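Below is one structure; the comments refer to it alone.
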There are 2 protein chains.
Amino acid sequence: MPKTVDHAERRARITAALVRVVARTGLHTVTLRAVAAEAGVSLRLVQYYFETKANLVHATLRALEEQSQRRWADRLAGLPSPVTARAFTEAFCAEALPTDEASRAFHLIWTSYAVLAMTDPELAARPFVAGPNHLEAQLSDALAAARAAGELPRTADPAIEAARLLALSHGLGTSVLVGQRPPEAALAVLRHHLTELFGQRAAGGSGGATA
Amino acid sequence: MPKTVDHAERRARITAALVRVVARTGLHTVTLRAVAAEAGVSLRLVQYYFETKANLVHATLRALEEQSQRRWADRLAGLPSPVTARAFTEAFCAEALPTDEASRAFHLIWTSYAVLAMTDPELAARPFVAGPNHLEAQLSDALAAARAAGELPRTADPAIEAARLLALSHGLGTSVLVGQRPPEAALAVLRHHLTELFGQRAAGGSGGATA
DNA sequence: AGTTTTATGGTACGGCGGTACCATAAAGGT
DNA sequence: ACCTTTATGGTACCGCCGTACCATAAAACT
């Protein structure tokens, strides 16, 4: 049949435009017309690919979920091959901190959606439970392995420590988003926590030692 | 002159209505008409006491600030007079967790406003920086005193520990709000952290010991 | 008693946003 | 060549929301 354009690509372009609008002016300013303008397409096109606004919003959330998983996977894939548990954990948790501008935008929109999901029964709260749960389980497994390898004290409970690490990271991330402290300060607190958790053995970072 | 009604009381009644609307259906559903209906007054009255919607929103934020301070003050005032540093700290941090329904509503709306402030330059981000900073300073002072009294290891840095405690508490609070874990689980993680921080001396709780 | 001020109700207006409707160009199949 | 389907544009409609305007009851002060 006719023109047959790549639907997935169009939809991705539009949801990306929505993400940019949210990052710039907030979720409450998202309108079909604003998204269309940001994406450089007509209002009608946005309607064409996502019948309704609710659809668009949901689709964007799903896109964010995938982006989130890709984000963590990429970060962890970039680590040196024989990695210490401490370095792995630090990378894992640091990904929850809005350091660069892209990361900040991502966490801002994610938080916006999370707040929306707290009251809107239409919007599935599932991603905000399953997502963190998945991360927590992943981290818990890594910590269990580290403990088995003797990199973590035997007294530490992997599940509790994973929960504590991620809650701490998320709390620090929010404080950065809100402008309470710079990203470096948040990272310093996180490192302090890691040092306490793993004990004082060498931190494994190949860079200069921090004073 | 005439009827002379208590303006402060009327304004308080209306901002309280706004808070209830947010807690129930989210900040994005707040409309002057909805607030008026919730408060049981006419739309015109809301306009009369707060000329504009932006005014109402800002006034409600100020009311929330006061409510926040009162919340913490009341909680701490309710503690037994000779209180251990650990019990004080636990009460202080637990106040950041949405345990009962009122607390949940409060933290939900506070978070909603915080997210709004991340992009809206009209809405002062100040409360979300000054507020936490004040809490952090308060807690830091308490920890310093506890350290001086020998209740906290001399190696602990009060400022860092205060930041870490509040970030952790806030992160746990969010995970509860979002439905990732029940309040008791969040409290358990917090207690674990406190035990590690203060060491294994008696926890000071006069109630039954938890298994 | 009258007047002025406060407090309150009702309502209309203008704008914006989501959705629906009507067109039409382009491309593939027959 | 023609028809059918896809992709796209434009636009109109309806509803809701913030704001402004017009009224009026009630109460203090003179």
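No experiment lies behind these values; they were computed from the predicted model shown. A note on names: the letters A, B, ... follow the listed sequences, proteins ahead of strands, and every chain is numbered from 1.
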Does a nitrogen or oxygen in the side chain of B:H7 sit under 4.0 Å from OP1 or OP2 of C:dT6? no

Does a side-chain N or O of A:R10 approach OP1 or OP2 of D:dA7 to a distance below 4.0 Å, or not? no

Option from A:T111, A:L27, A:I109 for which side chain to side chain contact (heavy atoms under 4.5 Å, CB included) with B:V115 holds: A:T111

Tell me which residues in residues 35-53 of chain A lie within less than 4.0 Å of DNA chain C, going by non-hydrogen atoms. A:L43, A:R44, A:Q47, A:T52, A:K53

Sub-4.5 Å side-chain heavy-atom contact between A:H7 and A:Y49: yes

Whole angstroms only, please: what is the [atom1]-[atom2] distance between [X] and [N]?
{"X": "A:D6", "N": "D:dT6", "atom1": "CG", "atom2": "P", "value": "16 Å"}
{"X": "A:R33", "N": "D:dG10", "atom1": "CZ", "atom2": "P", "value": "13 Å"}
{"X": "B:H28", "N": "D:dC17", "atom1": "NE2", "atom2": "P", "value": "12 Å"}
{"X": "B:E9", "N": "C:dT6", "atom1": "CD", "atom2": "C1'", "value": "16 Å"}
{"X": "A:L32", "N": "D:dC14", "atom1": "CG", "atom2": "P", "value": "19 Å"}

Could you tell me whether A:R86 and A:E90 make a salt bridge, using a distance below 4.0 angstrom between a side-chain N and a carboxylate O? yes

Any chance you could measure A:L143, atom CG, to A:D157, atom CG, to the nearest 0.5 Å? 9.5 Å

Between the two ends of the helix from C:dA1-D:dT30 to C:dT30-D:dA1, what is the bend in degrees, rounded to 10 degrees, where each end axis spans five pairs? 10°

For the student: nearest non-hydrogen atoms of B:F92 and B:L135, plus distance: CZ-O, 3.5 Å

Using the salt bridge (charged side-chain N to carboxylate O under 4.0 Å, His left out) rule, take A:E136 and B:R181 through it: C-alpha gap first, then chi angles, then the decisive distance, then the call. CA-CA 12 Å; A:E136 213 173 295; B:R181 73 183 107 240; 3.6 Å; yes

In terms of relative ring orientation, are B:F106 and B:W110 parallel, tilted or perpendicular, with 30° and 60° separating the classes? parallel

Heavy atoms from other residues, nucleotides or ligands near CD of A:E122 exceed 12 (cutoff 6.0 Å): no

